[in-house]
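Note that the structure is predicted; figures quoted are calculated from it, not measured. Residues take their numbers from the sequence shown, with the count starting at 1. Whatever order the structure lists them in is the order used to number ligands and atoms, beginning at 1.
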Amino acid sequence: MFNLIFPGNQTADESKRQPPDTQAEREDDGSPEEYVARSGFTGRGSDQISFSSGDKLLVHAKPSSEWWWAELRGVIGYVPAGYLSQDAAEEEEEEEEEEEDPWQDDEYFGSYSTLRLHLEMLSDKSRTEAYRQVILSNCASLRNKVVMDLGCGTGIISLFCAQLAQPSVVYAVEASSMAEYTRQLVKQNGCEEVVTVLQGRAEEIELPEQVDVLVSEWMGNCLLFEFMVESVLLARDRWLKEGGVIWPSSAALTLVPCQADSYYAEKMAFWERPYGLDFTPLQPLAQQEFFTKPKFSHLIEPNDCLTAPCDVLNLDMYTLQVQDLEEIKGQFHFCVDKPGVFHGFTAWFTVHFESLETGGATVELNTGPNSEPTHWKQTLFMLDRPVSVYAGDSISGTIVLRRNPVWRRHMTVTLHWNINSCTEDTDNCQVGTKSFPMWR
Ligand code: 6LC
């Protein structure tokens, strides 16, 4: 979902722009201001001008926040405001500061202050219904309880609590500026007596009391990416009452060796003979470009699983410690049950919500190929070279999730595997290892 490496595309809106013609749109005192280009830009059409990094431009008017009317060496036209800065030194300093935040919070919470990701999460029925089901099936036990909803976003879980159960209070904590809207949504739905929205990082906010229930939807790609789980653990240690409940209560990461024929064909086999030509010298480049990082929006067909899946990690949300997140190791042993091409491993997660009622059923949110697809989809880790495998072969090995020591929301997944094939006349063993940065 949230993507901390790919910056938003700075594409210029290609619609025809007219120069500003009203005095009101011009700078107040009419005198142009000098700006420096932070990077080069190639103007399109007749009304945009091109410039190089470091060029000094005179800005005559700012008709919109995105496009300014500027002059360079006597040529006048539109320029994208985002490429200019008034004080190069100041700008550099700011950039350095931003880059130094190992949590990239401006970017992270910035992305949650617009609707795109909230729409994606709320449209995910399996996810949202799972939380609704948890509240519904525990409504009796939630009566008069104090609840904290960590990273409430638009407040959906808090609103479910207020609507379906009778907690005494729900503290809905949200760091992004979406919190301002969440407050309105709480009011609009008549829940302001129960739900209190607190804007701030869960690590920094103060609550008037400890809580009975800590609920959060913190799971990222491959379960841990984003490391929002750290915020949950810190809140647990600070705000959860002795004997209180955490939802989800446990989380598991599951792995399966798989075929990925069409992805392999699209990105790698393609170069074998496009238009009757041999483009194979590009294959090492293709491997580097497409298979170095995991493909995080993969939807694996159950048929592409070469073996039964296996849980490689199990996290207990009551005992897990922040320092445990630095390096998490798991093991796997798979038995190939049909012949096929082993292209890589696919991973997904499942979380469990324990019941507050004695003998009550556990609710599960499973993001695997045998459940309804979720917005997380699955994560595909491609091997550098496909390997043919046969029924009876075994694939065993280890997985290590190593948190980036600098960029705290990122991690590297290292897979190490042995393929033992027991064909009629040979006992053959192949070994492989590969590390996948997600994303730094
Ligand atoms: C959930 C992310 C939401 O939780 C999103 O609205 C974000 O702004 C908020 N959030 C994340 N960390 C914190 C924190 N430490 N304190 C307060 N709010 C937080 C969906 N993301 C995933 N499930 N991956």
For a quick test of your reading: what N or O donor-acceptor pairs under 3.5 Å do the side chains of residues 157-167 make, sequence neighbours left out?
| unit_1 | atom_1 | unit_2 | atom_2 | d |
| --- | --- | --- | --- | --- |
| Ser158 | OG | Asp149 | OD2 | 2.7 |
| Gln166 | OE1 | Arg143 | NH1 | 2.5 |

Show your reasoning for whether side-chain contact (heavy atoms from CB on, under 4.5 Å) applies to Gln378 and Leu299.
CA-CA 6 Å; Gln378 290 104 31; Leu299 273 177; 4.0 Å; yes
Report the C-alpha distance between Lys267 and Phe291 in whole Å, list the side-chain angles of each, state the deciding distance to 0.1 Å, and finish with yes or no for side-chain contact (heavy atoms from CB on, under 4.5 Å).
CA-CA 9 Å; Lys267 303 293 186 203; Phe291 298 165; 4.0 Å; yes
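Comparing Tyr112, Phe227, Trp376, Trp218 by heavy-atom distance to atom 5 (C) of ligand 1, the nearest is Tyr112.
For the side chain to side chain donor-acceptor pair (under 3.5 Å) with Glu129, the lone residue among Gln133, Arg132, Arg127 that qualifies is Arg132.
Not a single heavy atom of Phe225 sits under 4.0 Å from any atom of ligand 1. The closest approach between any non-hydrogen atom of Cys152 and ligand 1 is not below 4.0 Å.
Phe332 pairs by the ring-ring contact (aromatic ring centres under 6.0 Å, His included) definition with Phe334, Phe345, not counting sequence neighbours.
Considering backbone and side-chain N/O of Leu150, none are found under 3.5 Å from N/O of ligand 1. Checked against a 3.5 angstrom limit, the closest N/O atoms of Met219 and ligand 1 fall inside it. Here's the thing with Ser231: one of its N/O atoms is less than 3.5 angstrom from an N/O atom of ligand 1. At under 3.5 Å, not a single nitrogen or oxygen of Tyr108, backbone or side chain, sits near a nitrogen or oxygen of ligand 1.
Aromatic ring centres of Trp68 and Tyr78 lie farther apart than the 6.0 Å criterion allows.
At a 4.0 Å heavy-atom cut-off, ligand 1 does not touch Met178 at all.
Listed by number with element, the atoms of ligand 1 under 4.0 Å from a non-hydrogen atom of Ala202 are 14 (C), 15 (N), 16 (N), 17 (C). The contact set between ligand 1 and Gly200, taken as ligand atoms under 4.0 Å from a residue heavy atom, comprises 16 (N), 17 (C).
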